[in-house]
Amino acid sequence: MEAAGASESMRIFCGTDESQDVATRVLEHSFRKHASGPVEFVEMRLGRNVHVPKPKDEKNRARTPFSFFRFCIPELAGFRGRALYCDADMQVFADVAELWRIPFGEQRVLCTNQPEAPAHWKNHAFFRPGRQFSVMLLDCSRLDWKIQEIVERMDRGEFGYQQLLHECCLVRPDEIADRIPSEWNHLDHFEMPPAAAGAPSPGTKLVHYTVVSTQPWKNDRNHLVPLWMRGFAEAVQAGAVERDLVARGIEQGHLKPRLLRAWDRAKSGELDDSPLAKTLVRLRQALKGSGRTKWAERQDG
């Protein structure tokens, strides 16, 4: 199993498309902002660096443009080292180096686990309890996945879409472990980090905005809009989001119109000043330097 050195980049592969351009930039900035080591962020785009054949059976076809992208990662990574997969509709609040310290052991795929739906998801029929594969760590040196062969196997009836996406049936069940802490995939909710050591919850490290109709870059119906808008403003101020990209997204109907005004305010130095945003700033300042993962302490994975 290949180990990454202190100078080797943490490779993050993000499944995205044109409708998620701005969300992807905000996500990338949030990864880089908190990372204690070098990050290589790869946008996976259909027809650009990812080519996925269409399964013959309609029920096996991708539910989103990037459903199958995660299975392309080992080949894109040259079948070496570890890599993280994530969707574009996410935002990070902690050092991703923490995940690079998790040992694979005998497993080849690591994921999170949600044994039951969060309280606000109780009435969502599409929630599937158990392992969640929207955030995955892959040991690319021990995964020989090739998307052409995977789709051919689906066409032969060896497995279907549900088995592939929800069970990761390309590896044996004992080769998967849900050792990624659940706080790295909080579904549409945010928990404040603890104010004192030993608190029962470590706080949210990654928010996953899964409800497409209320994603905070599309409208203001999500209760976490202030959280994402502050991340957007920070990304703008860091030069990670261009004004033209926002204007194009609005014109194409992918973004809420007020995002362009928010871009202008952010560029002039203004950040979101909602109570939630202010509380986050105070907590980050209070916790700065206490328990930040050190890249140099990474264990062999």
Item to complete: Show your reasoning for whether side chain to side chain contact (heavy atoms under 4.5 Å, CB included) applies to His186 and His208.
Response: CA-CA 6 Å; His186 275 180; His208 189 179; over 6 Å; no
With a 4.0 Å cut-off on N to O distance, would you call Arg45 and Asp17 a salt bridge?
no
Worksheet item: So do Val211 and Ser213 actually touch side chain to side chain, heavy atoms under 4.5 Å?
Response: yes
Self-check item: Check: Arg179 side chain, Leu110 main-chain N or O, donor-acceptor pair, under 3.5 Å
Solution: no
Residue pair Cys14 / Leu27, side-chain heavy-atom distance below 4.5 Å: yes
Checklist entry - Just by distance, with hydrogens left out, do Asp87 and Ser134 show a side-chain donor and acceptor under 3.5 Å apart? => result no
Donor-acceptor side-chain pairing of Glu98 and Trp184 below 3.5 angstrom
yes
Q. Does the side chain of Met229 reach to within under 4.5 Å of the side chain of Arg258, using non-hydrogen atoms?
A. yes
Check: Taking the side chain as C-beta and beyond, is there a heavy-atom pair between Val135 and Cys111 under 4.5 Å?
Finding: no
Is it true that Glu251 and Arg248 make a salt bridge, defined as a side-chain N closer than 4.0 Å to a carboxylate O? no
Trp263 meets the ring pair (Phe, Tyr, Trp, His ring centres under 6.0 Å) criterion, sequence neighbours left out, with none
Quick one, Arg108 with Glu175, criterion salt bridge (charged side-chain N to carboxylate O under 4.0 Å, His left out). Give me CA distance, side-chain angles, the key distance, then yes/no.
CA-CA 6 Å; Arg108 296 191 279 170; Glu175 293 178 324; 2.7 Å; yes
Subject >> Test item: His189 side-chain N/O and Leu187 main-chain N/O as donor-acceptor pair under 3.5 Å >> reply: yes
Between the CG atom in Leu259 and the CH2 atom in Trp217, the distance rounded to the nearest 0.5 Å is 11.0 Å
Would a line drawn from the ring center of Phe190 to the ring center of Phe93 be shorter than 6.0 Å? yes
*Please answer: with hydrophobic residues joined when any side-chain heavy atoms are less than 4.5 Å apart, are Leu137 and Val109 in the same cluster?*
no
Note to self: Taking the side chain as everything from C-beta on, heavy atoms only, tell me whether Glu183 gets closer than 4.5 Å to Glu191.
What the structure shows: no
message = Quick one, Met44 and Thr16 - any side-chain contact, counting heavy atoms below 4.5 Å?
response = no
ask   = Just wondering, do Ile180 and Leu99 contact through their side chains at under 4.5 Å, heavy atoms?
value = yes
- Query: So, does Asn222 use its side chain to make a donor-acceptor pair with the main chain of Pro216 at under 3.5 Å?
  - Reply: no
Before you tell me yes or no, could you show the steps for Leu255 and Lys218 under side chain to side chain contact (heavy atoms under 4.5 Å, CB included), namely the whole-Å CA-CA distance, both residues' side-chain angles and the distance that decides it to 0.1 Å? CA-CA 5 Å; Leu255 303 173; Lys218 295 181 178 178; 6.0 Å; no
I'd like to know if Asp139 and Arg142 make a salt bridge, using a cut-off of under 4.0 Å between side-chain N and carboxylate O.
yes
Check: Considering only heavy atoms from C-beta outward, does the side chain of Tyr209 approach that of Leu227 to under 4.5 Å?
Finding: yes
Practice prompt. Without swapping roles, check the side chain of Gln107 against the backbone of Asp174 for a donor-acceptor pair under 3.5 Å.
Written response: yes
Can Asp21 and His254 be counted as having a side-chain donor-acceptor contact under 3.5 angstrom?
no
query = Between Asp95 and Lys205, is there a salt bridge with N-O shorter than 4.0 Å?
reply = no
Throw together a table of side-chain donor-acceptor distances under 3.5 angstrom for residues 159-171, partners on residues two or more places apart or in other chains.
residue: Tyr161; atom: OH; partner: Ser67; partner atom: OG; Å: 3.4
residue: Gln162; atom: OE1; partner: Arg128; partner atom: NH1; Å: 3.4
residue: Gln162; atom: OE1; partner: His166; partner atom: NE2; Å: 3.2
residue: Gln163; atom: OE1; partner: Gly160; partner atom: N; Å: 2.9

Query - Residues Asp178 and Arg131 bridged, charged N to O under 4.0 Å - result: yes
One should read off an interatomic distance between Trp100 CH2 and Arg82 CZ, to the nearest 0.5 angstrom, of 7.0 Å
TODO: Count the heavy atoms of every other residue, nucleotide or ligand shown that sit under 6.0 Å from NZ of Lys267, and state whether that count exceeds 12.
DONE: yes
**OP:** Would you confirm whether Asp155, through its side chain, and Lys56, through its main-chain N or O, come within 3.5 Å as a donor-acceptor pair?
**Re:** yes
*Answer yes when Glu40 and Arg11 have at least one side-chain N-carboxylate O distance shorter than 4.0 Å, and no when they do not.*
no
If the threshold is 4.0 Å, N to carboxylate O, is there a salt bridge linking Arg153 and Glu149? no
- Task: State whether the side chain of Gln114 and the backbone N or O of Asn185 hold a donor-acceptor pair below 3.5 Å, judged by distance alone.
- Result: yes
- Task: Verify, without hydrogens or angle tests, whether Gln132 (side chain) and Thr112 (backbone) share a donor-acceptor contact under 3.5 angstrom.
- Result: no
